[in-house]
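Both ligands and their constituent atoms are indexed starting at 1 by order of listing. Heavy-atom basis, side chains included; hydrogens, waters and symmetry copies ignored.
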Amino acid sequence: MTSLLQTIENAYKGSWNCLVNQIIHPFSDGISSFYVLIFLSLAIWTIEICLPWRKNQSVLRKDFWLDAFYMFFNYYLFGLIIFAALSNTTSVLFSELMGSIGMPRRYIFDFFHYFPVWLQVIIFFMIRDFLQWCIHNLFHRIPFLWRFHKLHHSVREMGFAAHLRYHFMENVVYQLIGFVVLSYILHFKLEYGFYVYMIGTLIGHLNHANLGWDYGPLKYILNNPKMHIWHHVKDLPKDHRKGVNFGISLSCWDYLFKTNYIPSDGRDVELGFEGVENYPSNFFEQQIEPFKFN
Ligand SMILES: [Zn+2]
Ligand SMILES: [Zn+2]
């Protein structure tokens, strides 16, 4: 018990120190993801302002500041401090549990070890993205999970910062499944993950940006704003009711599994879901909403 408490305490201290270090020393260990997030956000916001797709959408669109808060909450307040600490603790407990049932404690298959680092990163990116595509499907198809994912679909006016408007439980589900598959089963060393996370953030910001871009022929590989807007559309035809365009960074999974849907130019489509008008509009109520059963 003492060692478990010590593990939790060390994990929280480690996460907190890491956050403080990232803010105070931007270049101490490569470049700090805190400043990369700020830089990417400002860069894409600038492009949105210069080349807006929906020209009548205000620069400070509806819920801009709420979404800006979500960016730092999900990446830092929750992601780094709470979740990183919890997941460090969970990985220790997980390895104890696996050991106690006769399974390997650290990993099952040293899959990534067979490839050079650059190829490891590409394979990691692709497996991770496919895994996320599968999980995103589940968030739409399982009613209990949809309760949490609804928050991301409550966006009424789309802009880059909407990318990280999601419930903290999404972090828990995505990261836990990612940890088990990529780290425990396939033994990916997370220190190589930084560039993947940053590329994922860039593509995710662009997917939600007020930009009429689809990257030409690359649209069959890369997710893009003209495709992702249809993921957020309020009214879908009956045969697509469970959702369309589930891609996170890559669009190829949707083309491969026939969940792609871009019937026309989506610039002015209505966003949300049935009843979105009555969905809570502030952070705290949005966090509690999925747990209300009545
Ligand atoms: Zn979705
Ligand atoms: Zn989205």
Student: Judged by modelled atom types alone, do R128 and S249 share a side-chain donor-acceptor pair under 3.5 Å?
Tutor: no
Student: May I ask you to check whether H167 and H149 show a side-chain donor-acceptor distance below 3.5 Å?
Tutor: no
Student: Kindly say whether the aromatic ring centers of H153 and H140 come within a distance under 6.0 Å.
Tutor: yes
Student: Using atom types as modelled and distance alone, determine if a side-chain donor or acceptor of N74 lies under 3.5 Å from a backbone N or O of L164.
Tutor: yes
Student: Report the name of the N/O/S atom of H140 located nearest to the Zn ion (ligand 1).
Tutor: NE2
Student: Classify the side-chain pair H152/H231 by whether it contains a donor and acceptor separated by less than 3.5 Å.
Tutor: no
Student: State, without any angle test, whether Y70 and Q286 hold a side-chain donor-acceptor pair at a distance under 3.5 Å.
Tutor: yes
Student: Backbone or side chain, does H228 get an N/O/S atom under 2.8 Å to the Zn ion (ligand 2)?
Tutor: yes
Student: Just wondering, is there an N, O or S atom on H153 that's nearer than 2.8 Å to the Zn ion (ligand 2)?
Tutor: no
Student: So, of the N/O/S atoms that H208 has, which is the nearest one to the Zn ion (ligand 2)?
Tutor: NE2
Student: Do any of the N, O or S atoms of H231 sit under 2.8 Å from the Zn ion (ligand 2)?
Tutor: no
Student: If I consider every N, O or S atom in H152, which one ends up closest to the Zn ion (ligand 2)? I only need its name.
Tutor: NE2
Student: Distance check below 2.8 Å: does H149 bring an N, O or S atom to the Zn ion (ligand 1)?
Tutor: yes
